[in-house]
Amino acid sequence: LRLMEFLVGYQRVIIIDAITTRLQPEGTVSHFRLEEMPDLTAGHTTSTHDTSLQTALAMGQSMELELPDEVWVVGIEAWQVYDFSEKLTPPLEDAVPRATRRVLELLRNLEGPTL
């Protein structure tokens, strides 16, 4: 819910985060529209403070908040997303420059008066 609040007032957003699909090697960088991502709402039912971004955006839209029409995700495949550490695993550390280039490519392709 807190992330949704940060998105109010923007028309386009790029979110960079770790993802776990187990379909690609750790450190693989991918990008996709948020609506292409599975909505894992069913895994977030124990608390109103823990919800999926899709559900949070739908709630914000129902409250007529000005939320982005376009949300892109740049994901780095990580196999451990619930363990916290001050260091990235070597595959994730190696992926950061590739993820940065992907964000810059998206920005170039999405350029326009609303970005």
Side-chain angles (χ1 to χ4, degrees):
L1 292 174
R2 185 84 173 123
L3 178 56
M4 179 270 293
E5 292 173 342
F6 284 119
L7 303 182
V8 172
Y10 291 94
Q11 294 177 347
R12 293 180 183 157
V13 173
I14 299 173
I15 296 173
I16 303 103
D17 202 358
I19 60 171
T20 302
T21 66
R22 302 273 181 181
L23 300 174
Q24 301 291 328
E26 187 175 23
T28 299
V29 176
S30 58
H31 73 278
F32 43 86
R33 289 179 176 266
L34 181 64
E35 60 262 18
E36 297 171 19
M37 186 175 177
D39 185 354
L40 303 175
T41 301
H44 297 270
T45 58
T46 60
S47 168
T48 57
H49 299 285
D50 186 25
T51 186
S52 72
L53 182 55
Q54 292 97 325
T55 299
L57 288 172
M59 184 181 76
Q61 290 164 343
S62 73
M63 295 173 12
E64 299 183 9
L65 297 176
E66 183 185 340
L67 290 165
D69 296 324
E70 212 173 329
V71 178
W72 286 87
V73 176
V74 173
I76 302 174
E77 182 75 30
W79 290 354
Q80 297 292 332
V81 294
Y82 296 109
D83 296 338
F84 292 93
S85 170
E86 292 183 16
K87 292 186 175 189
L88 297 172
T89 63
L92 295 181
E93 189 172 336
D94 292 344
V96 170
R98 291 192 315 275
T100 302
R101 285 192 297 275
R102 187 72 53 91
V103 169
L104 293 173
E105 289 169 12
L106 277 169
L107 287 172
R108 278 192 295 276
N109 291 331
L110 297 174
E111 268 185 353
T114 60
L115 189 59

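- Residues Leu110 and Glu70 form a side-chain contact, since some pair of their non-hydrogen atoms from C-beta on lies under 4.5 Å apart.
- Sorted by first and then second residue, the salt bridge (Lys or Arg N to Asp or Glu O under 4.0 Å) pairs with a member in residues 81-94 form an empty list; sequence neighbours excluded.
- The structure places OG1 of Thr28 at 10.0 Å from CG of Leu92, a figure rounded to the nearest 0.5 Å.
- With 3.5 Å as the limit, one finds no donor-acceptor pair spanning the side chains of Thr89 and Gln80.
- To the nearest 0.5 Å, atoms CG (Asn109) and CG (Leu104) are separated by 11.0 Å.
- In the model, Glu77 has no side-chain atom that pairs as donor or acceptor with a side-chain atom of Ser30 under 3.5 Å.
- Counting non-hydrogen atoms of other residues, nucleotides and ligands closer than 6.0 Å to CD of Glu64 gives a total of 12 or fewer.
- The side-chain contact (heavy atoms from CB on, under 4.5 Å) test with Leu57 is passed by exactly one of Leu65, Leu67, Leu3, Leu1: Leu67.
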(message) Show, in sequence, the C-alpha distance, side-chain angles and deciding distance for Glu5 and Arg2, and conclude whether the salt bridge (charged side-chain N to carboxylate O under 4.0 Å, His left out) test is met.
(response) CA-CA 5 Å; Glu5 292 173 342; Arg2 185 84 173 123; 3.0 Å; yes
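- Among all heavy-atom pairs drawn from Leu53 and Met4, the shortest one is CD1-N, 4.4 Å.
- Note: Arg102 CZ to Ile14 CD1 = 11.5 Å, rounded to the nearest 0.5 Å.
- Between the CD1 atom of Ile19 and the CH2 atom of Trp79 there is a distance of 13.0 Å, given to the nearest 0.5 Å.
- With sequence neighbours excluded, no residue satisfies salt bridge (charged side-chain N to carboxylate O under 4.0 Å, His left out) with Arg22.
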